[in-house]
Amino acid sequence: MLKHLTFKAFTEITKTATITVDQHGGRAKCLQRLIRLDMPVPTTVALSFETVRQIAQGKMTDVEAILDFFGDTPLVSVRPSAEGADWGGPGAILNIGMNERRHAVMVQRRGEDAANAIYLRFIHTYAVQVAHLDADLFPPVQRPARSDVAEALRIYEIETDEPFPEEPAEQLAGVLRSMARAWEGTSARLLRKARGAPEDAGLGLVVQRMSLGVGNDESGSGVMQFINSTTGKAQITGRYMSQSQGRDALALKHAAIFLTRDPRGPSLEELAPEIFDQLVGLGELARSKLREEMQIEFVIQDSVLSVIDAVRVARTARANVEIVVGLAQDRIITRDEALLRVPPRSLNELMHWQVNPEAERNALLRGIAASPGAAVGKLVFSSTRAQALAAQGEACILAKRETSPDDVRGMHAAKGVLTAKGGMSSHAAVIARGLGVPCVVGAGQIIIDRRARHMRLPDGRIFEEGALVTLDGSAGEVLDGAADMLEPALGEAFQTLLGWADAVRDIGVRVNADTPEDARIARTFKAEGIGLCRTEHMFFDDDRLTVMREMIFADAPEDRADALRQLLPMQREDFTRLFEIMEGLPVCIRLFDPPLHEFLPADRQGVVDLANALGRPVSDVQARIDSMTEFNPMLGLRGVRLGITVPEIYEMQVQAIFEAVIALADAGTEVVPEIMLPLVSAQREVEILQSRIEQVAAKVRAERTAAFSYKLGVMVETPRAALKAHNIAELCSFMSFGTNDLTQMTYGLSRDDAGRFMQTYVQQGVFKEDPFHYLDKEGVGELLQIGAQRGRKANPRIVLSICGEHGGTADSIAFARECGFNYVSCSPFRVPVARLAGAHAVLTRR
Ligand code: PEP
Ligand code: MG
């Protein structure tokens, strides 16, 4: 009972009426704002969420009282008004109130054609949306005659066994009931839930006096906006159509005219210059007062302008950045507000080529969107072919069942990567993000036949090598042929916005960079240093791979030392180049991490080639490979375990680091390298390596009579390292949490195999999200918290960071900041996303 007293069933929208977004929806509130700006908005009445809910339950509101707002012969429209702008809602219904009497009057005033068109339009809409008749029963009529109206009324009566409702109140009740019920329907519920609406989201409705758009003097309707939705640059766009209603001008573009003068045809600016100027003025007013770029829906009736609605301009991510920076620079919104209006992830769209959102899409297959951006190229099924095509200047898309470290150069050569297997943190996904190459993984429905050089889709279609496709890594799709593309947009607005983000942010952002190219990209994205340099990737170049294999196959320590002596100058060169590019910014180098067998050939031909290169019998080589096989290599002899059992590799690497530091010092740049030990689980591992590394440092200092310092740190990737962080922290200057392996080991879930069932797991709600993509704050996050707390307590000056893939996602950045981490480190193309997310983390906590 109380409820009935506290809510008003419907309210005329005036400057002072109580209209709220959470009671009446966004459209009603926006109309009130337009009215407050003295815009010519026709009389409008808003129905509250509660009223609409009651209508859906069969309790009709007082429709007569609503119609009283609109005079003796009401003619109105009804539009949905949900709380969220993109939560959907039933389609608008126009011309409620049309009946025989009204038609007769309209024939007198506006002519037979206009009256017939309006009446017929209403009958059609009512029949389909309210009475749920099949739209095909009412074929479109170009210039409806009276007989067409009579025929439509006859069909309505036959199909529904009832005459078409004559009374406006009855018509309005029917419309309100059908809209209220449509909102409660399953498909509408699912749609809005997918767009983030809560379970009990309400629907408001607005009833508005019709501005007809048909008449004797200039009459019509149109839509105008002041910004290009794709680029965000100032540009008046939209259409106007004489003798039309609703959004006809957009739907029937061929029959509509331009707004501004245009060589392609007539325009509103020429047809009705005063109204055009009035609209431009209203646009400026809306922008400055509503603090947003708005699209205005307008009607002209007998040369008089009405604004019937205004909505936030739909836009691409790049347009959004341009728009919010413009609004802040014009002091319409604050910089903080501008930052918050850009979702960090949306920056991905600006950094890469994109499929034009307006282009046609002919999707062939779907997978996981593993690395953003899009590329057009010829399909190839091996890294060698990718490199060969790239050498000829041809763009290609590399498609493989899965990738391995051997494929890194092929992936680099390709414009896009597709794999049938794998998830967000599979090899292909991680490397592609690092390289900034668009990538789709886990497209399990395709069969790739490398030998036959083709790919088979589930429907039996076969795509041969060389077929032209578009890989859309942002949508996780592969499209047939070459789609229309938009180029990256790293212009002024992008840089300005990120500059503002840096001024707000208080968590550092470094980059995961393994190559000079990564480092260069990271500098352009203003990373504050390298947080993770994975050194193993440096050994996959052809010349190094052979030496690496010699080292692995060496029987005697001297042979191994000999191979490492050859690798030393190459590593020194690698580090020197990285230090040079980073110009004194911190560089954290992780010593060798993967199991050695990753460097050995995987197929028979590779074994034969290797045997030839080593001058050994094939059987010997095969036996050696077999002897190195581990049941579970990711939990086997790798990382620091390799550093302890085969010490020469780490010794060579640290020597190369120190010598590179000296080379930089000679050239005038001081570098204090950060040396990081991977996969640590025990304090003693750190102790042993600490003393070995110090021995190498002492030797290099003595030999080169040079002074330098370095920092030693540990990668926290095993649950044990997080739990025993206090022991480990005592021995090091920094701890970087490798959340990829930490997630893998906390869940006991292989990061390379999870893709096979991750979708099912997420769909069935076992996991809320893929934990390799979104940090599992409850489980893995607790280990981060424990590790950070214990580590800091034992060593208050310790620097804490996250360098797994999660380092680049907004929610983990906020979490890392809450836990007191000093910085995050992520792939080069995620650096801007992380800079903005860091600012959001501050602003949303204020
Ligand atoms: C990690 O495990 O989180 C990490 C950064 O190392 P990698 O991905 O190289 O295993
Ligand atoms: Mg790791």
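Note that the structure is predicted; figures quoted are calculated from it, not measured. Remember, it's 1-based here, ligands and their atoms both numbered in the order they're listed.
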Identify whether the distance between the nearest side-chain nitrogen and carboxylate oxygen of [X] and [Y] falls below 4.0 Å.
X      : Y      : answer
Asp502 : Lys526 : no
Asp593 : Arg590 : yes
Asp741 : Arg751 : yes
Arg510 : Glu674 : yes
Asp752 : Lys421 : no

Do Arg624's NZ or CZ and the ring of Phe553 fall within the cation-pi criteria of under 6.0 Å and 45°?
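Satisfied, under 6.0 Å and within 45°.
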
Would you call the rings of Phe599 and Phe540 parallel, tilted or perpendicular if under 30° counts as parallel and over 60° as perpendicular?
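Phe599 vs Phe540 ring planes: parallel.
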
Donor-acceptor contacts, no H, no angles, side chain residues 629-636, under 3.5 Å, sequence neighbours left out:
{"unit_1": "Thr629", "atom_1": "OG1", "unit_2": "Ile625", "atom_2": "O", "d": "3.2"}
{"unit_1": "Thr629", "atom_1": "OG1", "unit_2": "Asp626", "atom_2": "O", "d": "3.2"}
{"unit_1": "Glu630", "atom_1": "OE2", "unit_2": "Leu637", "atom_2": "N", "d": "2.6"}

Please list every donor-acceptor pair under 3.5 Å in which a side-chain atom of residues 678-688 meets a protein atom from a residue at least two apart or in another chain.
{"unit_1": "Gln683", "atom_1": "NE2", "unit_2": "Asn727", "atom_2": "O", "d": "3.1"}
{"unit_1": "Gln683", "atom_1": "NE2", "unit_2": "Glu730", "atom_2": "OE1", "d": "3.4"}
{"unit_1": "Arg684", "atom_1": "NH1", "unit_2": "Glu687", "atom_2": "OE1", "d": "2.7"}
{"unit_1": "Glu685", "atom_1": "OE1", "unit_2": "Ser681", "atom_2": "N", "d": "2.6"}
{"unit_1": "Glu685", "atom_1": "OE1", "unit_2": "Ala682", "atom_2": "N", "d": "3.0"}

Identify, chain by chain and in numerical order, each protein residue with a heavy atom under 4.0 Å from an atom of ligand 1.
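Close residues (ligand 1, cut-off 4.0 Å): Leu532, Arg534, Arg590, Met715, Glu717, Gly738, Thr739, Asn740, Asp741, Arg751, Cys803, Gly804.
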
At a cut-off of 2.8 Å, what protein N/O/S atoms sit near the Mg ion (ligand 2)?
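Listed by chain and number, the nearby protein N, O or S atoms are Glu717 OE2, Asp741 OD2.
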
